[in-house]
Amino acid sequence: MLEMIELEQAQELILALAGSTSPEEVPLLQSRGRVLAETVSAALDVPPFDRSPLDGYAVRGEDTLGILPAVLQLVGEIPAGSSFAGTIGPGMAVRILTGSPIPAGANAVIRQEDTQEEKGRVQIFQPVRPGANISRRGEDLRLGEELFAPGRVLTPAEIGIMASQGLSRVQVFGRPRVALASTGDELKDVGTPLAPGQIYNSNFYTLAAMIDAWGGQTLPLGLVKDQVSDLAEVIRQGLAASDLVVTTGGASVGTYDVTARAMERAGVEVAFWRAAFKPGTPVICGYKGDKLVLGLSGNPAAAMISAALLLGPAVRKLAGFKSFYPKRVQATSADEFGKSSGTRRFIRAKVAWEESGWTASFPASQQPGILRSMLGTNALVDLMPWGTLQAGQVCNAFLLEEWI
Ligand code: AMP
Ligand code: MG
């Protein structure tokens, strides 16, 4: 049997084995959270013309610098969305509204509060220097400047900038298709009654939700019996239809643990089997061509945790993200964790940001099969072999918030 692999080594290998997805074009409205696959440069100045930032009168500033009030002749109005055909000469003013283009000849805007309009004339009570109160063409975005590079995650601000450039579609990395099979003779799908000895397939639902959160999409491969030939066939189907194949269950070394043999039967090269951490030690990683195949433990909490540590980085890489791993922070343990073993352990934890920094508390159970222990879990505390924790001790935690 292959020797146990360390987490960091496993992650590196997985990133190296995960292929890539081809870019696709999506409507701007569907681009939130996607990763840009092209360089976006400004094709326009924004704003595209000098404009008024307020309601008032466009004037020649020099006309307001003498004895006040200055009295100027009102020659028209420029509502937003229109422009003024004429030129503002000496002694003239035009009424202008926020966002309207500054007319030819004018070089300043006097705000409405400093004026009084009557009978085709405007009295100006404050001087305005030439250049005052004008939003310059291109002051937000300049024609030709590079706005975003590939790898940029699109958030509302990036989306707004692209809209201000008139773009309606954008090239993003594809959402990786993750084929997901659930193995175990005891499994039933939700919505159907259970017979004695059966349990519902929860792993499919937790993992599909996590894959969605990482920017992937799940291709259901359904329930698979603990039979090498059945699972091998499903893995083949998965490889043909997806970017990455994941199975849960049957990854340890018992008689009915068929995943390793099924991978080999499907022509998958095994890269490692068993990882040097709990929960989730039984994990098999293989590849065929540029496609990764991951066999995770069937225990519901173990499946989630090993997926967060191993599958998440692969999906994020395929989805085009530049950061692959959950963030690491130092936290102060609020509880004690006394159970020590020779294997590194990721303790389910609830971390909170307090005045003194991050604190970590632990749910009652850390059993790999207790799914309830994942409720409220927003971090994994990294406990090295033979380590224990006292309350008040500093520990390392991976933050899972915004991650699962
Ligand atoms: P295994 O990894 O196949 O040895 O399964 C370990 C434990 O996880 C057993 O108690 C299984 O019944 C349970 N299990 C396996 N697959 C699933 C699943 N898809 N949903 C819920 N529990 C599962
Ligand atoms: Mg099983």
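All ligand and atom numbering here is 1-based and tracks the order in the structure. Scope of the values below: all heavy atoms of this structure, side chains included, with no hydrogens, waters or symmetry mates.
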### Message
Quick test of your reading of the model: are Asp45 and Arg142 salt-bridged, counting only N-O distances below 4.0 Å?
### Response
yes
### Note: Arg152-Glu38 ion pair, threshold 4.0 Å (strictly below)
no
[atom] [closest protein heavy-atom partner, distance rounded to 0.1 Å]:
atom                    : value
atom 22 (N) of ligand 1 : Ile199 CD1, 3.4 Å
atom 11 (C) of ligand 1 : Glu186 OE2, 3.0 Å
atom 7 (C) of ligand 1  : Asn299 OD1, 3.2 Å
atom 19 (N) of ligand 1 : Asn201 OD1, 2.8 Å
atom 17 (C) of ligand 1 : Asn203 ND2, 3.2 Å
atom 4 (O) of ligand 1  : Asp257 OD1, 4.1 Å

If we count only N and O atoms by modelled type, under 3.5 Å, do the side chains of [X] and [Y] hold a donor and an acceptor together?
X      : Y      : result
Arg345 : Gln366 : no
Tyr57  : Asp114 : no
Gln227 : Asp185 : no
Thr98  : Asp55  : yes
Glu401 : Asn378 : yes
Ser373 : Arg348 : yes

### Query
For ligand 1, is Ser202 a contact, meaning one of its heavy atoms is under 4.0 Å away?
yes
### Message
Can you tell me if Tyr200 contacts ligand 1 (heavy atom of the residue under 4.0 Å from the ligand)?
### Response
yes
### Query
Which of the atoms in ligand 1, numbered in the order shown and given with their element, are less than 4.0 Å from a heavy-atom of Gly250?
1 (P), 2 (O), 3 (O)
### Message
So if I count the atoms of ligand 1 from 1 in the order they appear, which ones are less than 4.0 Å from some heavy atom of Pro300?
### Response
21 (C), 22 (N)
### Query
Between the candidates Ala303, Gly298, Ser252, which shows the shortest non-hydrogen contact distance to atom 15 (C) of ligand 1?
Gly298
